[in-house]
Amino acid sequence: MASHPPGKCCTVGIKHEGNPAGKMIRVADKHDAYLATPPAGKEHKGAGILYIPDVIGIWQNSKLMADQFAANGYLTMVIDVFNGDPLSLTNRPANFDLMDWIARGSDGKNPHTKEAVDPIVLDAIKAMKEEYGIQQIGSVGYCFGAKYVVGHYKNGINVGYLAHPSFVDEDELAAISGPLAISAAETDSIFPAEKRHKSEEILQKTGQPYQITLFSGVEHGFAVRCDPSVKIQKFAKEQAFIQAVTWFDEYLL
């Protein structure tokens, strides 16, 4: 693997303050999604962002980040890849098993495996193209979501951005057909130094534009779930967001 499977660090963090400005929608009449729309006159026509979230799914922080992408001109859709079964940031049993939840879901009948998630991502890509007129699709993937950015270049994603990725296979990374940027944390057992270096080797061979930025003083999850009261965490989160927007401005437009 180019990054390890998710771990406990993928499920903890801080809820951020703010008032989401977008709206909840349905995709293909069966998936929930959050849609953030650019201000009138500022939109990048025909270009948008598919946001594939971490295991917390569509919640306060992901909505606020989608709003920020929209404020920068990109219609942004956060897709519920967990079929109505995202994790709560706080309310989980003491014996909670993340890998069992991925394999079977909370009720044992709602898996969040590749076989379950891929069709949801395909429906989201189709909706962005056919319902919202987005022909140039950028995609952001945080932690769990990273795998599904990398794996869907072949299905319509043009440009990708990942933060603290998990579950990405080496062959998936090697097969990307467009630019890819990654924000990484200094302390990250899921995407440690050896996985970053291996990812660099793979990306060099793809011939595609790539960028890997390492942020000191932060841990896995910082780009979405950092503590903004801690200066170094707030700075890293903001810079990672700027990295993503700058990447899309350069390669998507």
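Reckoned from all heavy atoms, side chains included, excluding hydrogens, waters and symmetry mates.
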Summary of side chain to side chain donor-acceptor pair (under 3.5 Å) pairs that have at least one residue in residues 122-141, sequence neighbours excluded: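 Listed once each, the pairs are His31-Asp123.
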
Nearest heavy-atom pair of [X] and [Y]: which atoms, and what distance?
X	Y	value
Leu64	Pro20	CD2-N, 3.9 Å
Ala103	Pro111	O-CB, 3.1 Å
Ala185	Asp188	O-CB, 3.8 Å
Gln208	Gly178	OE1-CA, 3.4 Å
Ala146	Ser166	CB-N, 4.3 Å

If I take atom [atom1] from residue [X] and atom [atom2] from residue [Y], how far apart are they, to the nearest 0.5 angstrom?
X	Y	atom1	atom2	answer
Trp247	Ile182	CH2	CD1	9.5 Å
Ile79	Leu35	CD1	CG	10.5 Å
Met128	Met77	CE	CE	5.5 Å
Lys195	Leu173	NZ	CG	11.5 Å

Qualifying residues under side-chain hydrogen bond (donor to acceptor under 3.5 Å, both in side chains), relative to Tyr74, sequence neighbours excluded: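 Testing Tyr74 for side-chain hydrogen bond (donor to acceptor under 3.5 Å, both in side chains), a comparison that skips the adjacent residues, returns Asp249.
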
Check whether [X] reaches the backbone of [Y] with its side chain - one donor and one acceptor, N or O, closer than 3.5 Å.
X	Y	value
Thr246	Gln243	no
Gln233	Asp227	yes
Glu43	Thr37	no
Lys147	Phe167	yes

[Y] side chain reached by [X] side chain, heavy atoms, under 4.5 Å:
X	Y	result
Leu252	His44	no
Cys143	His220	yes
Lys63	Ile58	yes
Leu180	Leu203	yes
Thr213	Gln239	no
Trp59	Pro86	no
Val224	Ser62	no

Salt-bridge criterion met for Lys205 and Glu201 (N-O under 4.0 Å):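 No, this pair does not count.
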
Criterion salt bridge (charged side-chain N to carboxylate O under 4.0 Å, His left out) on Glu238 and Lys234, from CA distance to verdict: CA-CA 6 Å; Glu238 291 172 349; Lys234 181 175 184 289; 2.6 Å; yes

Result of checking Phe215, Phe191, Phe144, Phe222 against His164 for ring pair (Phe, Tyr, Trp, His ring centres under 6.0 Å):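 Per the ring pair (Phe, Tyr, Trp, His ring centres under 6.0 Å) rule, the option paired with His164 is Phe222, out of Phe215, Phe191, Phe144, Phe222.
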
Does [X] have any ring-ring contact (aromatic ring centres under 6.0 Å, His included) partners at least two apart in sequence or in another chain, and if so, which?
X	result
Tyr34	none
Tyr210	none
Tyr161	none

Worked verdict on Asp85 versus Asp107 for side-chain contact (heavy atoms from CB on, under 4.5 Å): CA-CA 9 Å; Asp85 184 39; Asp107 63 1; 5.8 Å; no

Residues that Asp32 engages under salt bridge (Lys or Arg N to Asp or Glu O under 4.0 Å), provided they are two or more places apart: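 Salt bridge (Lys or Arg N to Asp or Glu O under 4.0 Å) list for Asp32, sorted by chain: Arg26.
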
With Asp100 via salt bridge (Lys or Arg N to Asp or Glu O under 4.0 Å) - residues at least two apart: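 Arg104.
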
Can [Y] be reached from [X] by stepping across I, L, V, M, F, W or Y side chains whose heavy atoms are under 4.5 Å apart?
X	Y	answer
Leu89	Met65	yes
Leu253	Ile49	yes
Ile25	Ile137	yes
Val140	Ile212	yes
Leu214	Leu162	no

Ring center gap for Phe82 and His112 short of 6.0 angstrom: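 Ring centres of His112 and Phe82 closer than 6.0 Å.
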
Aromatic centroids of Tyr51 and Tyr142 separated by under 6.0 Å: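 Close enough - the centres of the two rings lie under 6.0 Å apart.
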
Name all residues meeting the side chain to side chain contact (heavy atoms under 4.5 Å, CB included) criterion together with [X]; count only those two or more places apart in sequence or in a different chain, and write none if there are none.
X	result
Ala193	Arg196, His197
Ser177	Tyr153
Asn19	none

Lys154 atom NZ, over 12 foreign heavy atoms within 6.0 Å: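 Counting neighbours around NZ of Lys154, more than 12 heavy atoms of other residues, nucleotides or ligands fall under 6.0 Å, so yes.
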
Val230: hydrophobic cluster co-members (side-chain, 4.5 Å):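 Result for Val230 is Ile232.
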
Which atom pairs, donor and acceptor, lie under 3.5 Å between side-chain atoms of residues 113-120 and protein residues at least two apart or in another chain?
{"from": "Thr113", "atom 1": "OG1", "to": "Glu115", "atom 2": "OE1", "distance (Å)": "3.4"}
{"from": "Lys114", "atom 1": "NZ", "to": "Asp118", "atom 2": "OD2", "distance (Å)": "2.7"}
{"from": "Asp118", "atom 1": "OD1", "to": "His152", "atom 2": "NE2", "distance (Å)": "2.8"}

